[in-house]
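Take a look at the structure below.
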Amino acid sequence: MKGFVCVGVLYVPSAFVNGGWGVTMLFLLVSAICTCYCSHLLLDARAAAKAESYTALGKIAYGFTGEMLVNLAVASSQMGFVIAFVYFIKANLHEIAEQAWGDDINVNWFFLG
């Protein structure tokens with residue numbers, strides 16, 4: 001939840017600039033409703049199956065394949081959060097360095113850092 005919300009908060013200002021107030025607020029509301037509904041469905045399914053974790057829920061529902069698919073989904077989701085944070089930090093460090101030193105430093109150096 002923390003990774004999902006934090007990545008969204010980092011990119012909301014640019015979404016408002018690109019989409020405008022009305023459209024962006026509508027899509028944020030629709031996204032929030034869908035996220036809450038899907039979260040409740042997952043929690044209800046986990047409680048009904050008496051699973052200790054979502055990996056266990058995947059195993060109960062689809063066996064070994066379900067377990068591996070849930071683990072793959074969680075791992076890819078976490079990788080997506082990390083990539084988004086690295087990109088955000090890289091872009092901000094580049095802007096700070098550009099304003100501080102006035103040089104156009106290659107942005108890939110910040111990525112490597």
Side-chain angles (χ1 to χ4, degrees):
M1 184 69 175
K2 178 188 76 163
F4 180 75
V5 170
C6 288
V7 170
V9 167
L10 292 175
Y11 290 105
V12 165
S14 66
F16 274 94
V17 169
N18 294 333
W21 281 92
V23 173
T24 304
M25 288 176 65
L26 175 69
F27 284 134
L28 278 174
L29 180 65
V30 169
S31 176
I33 290 170
C34 288
T35 300
C36 286
Y37 178 70
C38 291
S39 295
H40 283 289
L41 286 177
L42 274 172
L43 290 171
D44 291 344
R46 185 176 160 209
K50 295 184 172 104
E52 295 176 7
S53 66
Y54 293 118
T55 303
L57 180 61
K59 186 172 185 173
I60 291 168
Y62 295 106
F64 179 74
T65 304
E67 182 181 16
M68 289 297 111
L69 286 174
V70 169
N71 284 334
L72 180 65
V74 169
S76 63
S77 173
Q78 293 299 318
M79 285 178 55
F81 300 147
V82 169
I83 289 169
F85 276 126
V86 167
Y87 179 80
F88 182 78
I89 291 168
K90 172 190 73 140
N92 283 327
L93 286 176
H94 180 256
E95 287 293 323
I96 291 169
E98 201 172 66
Q99 289 179 8
W101 295 301
D103 258 350
D104 186 24
I105 300 170
N106 189 347
V107 74
N108 292 327
W109 290 111
F110 294 101
F111 178 72
L112 289 173

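Just so you know, residue 1 is the first one in the sequence shown, and it goes up from there. Scope of the values below: all heavy atoms of this structure, side chains included, with no hydrogens, waters or symmetry mates. This structure is a prediction, so every number in the text was calculated from the model and none was measured.
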If you link I, L, V, M, F, W and Y whenever their side-chain heavy atoms are under 4.5 Å apart, who else ends up in the same group as Leu41? Tyr37
May I have all residue pairs that pass side-chain hydrogen bond (donor to acceptor under 3.5 Å, both in side chains) and include part of residues 74-83, sequence neighbours excluded? none
Please go through Phe27's hydrophobic cluster and name the other residues, only I, L, V, M, F, W, Y counting, with side-chain heavy atoms under 4.5 Å joining them. Val23
Let me check something: any side-chain donor-acceptor pairs from residues 57-72 under 3.5 Å, sequence neighbours excluded? List them with distances.
{"unit_1": "Asn71", "atom_1": "OD1", "unit_2": "Thr55", "atom_2": "OG1", "d": "3.0"}
{"unit_1": "Asn71", "atom_1": "ND2", "unit_2": "Glu67", "atom_2": "O", "d": "3.4"}

Say you draw a straight line from CG of Leu43 to SG of Cys38; how long is it, rounded to the nearest 0.5 Å? 11.5 Å
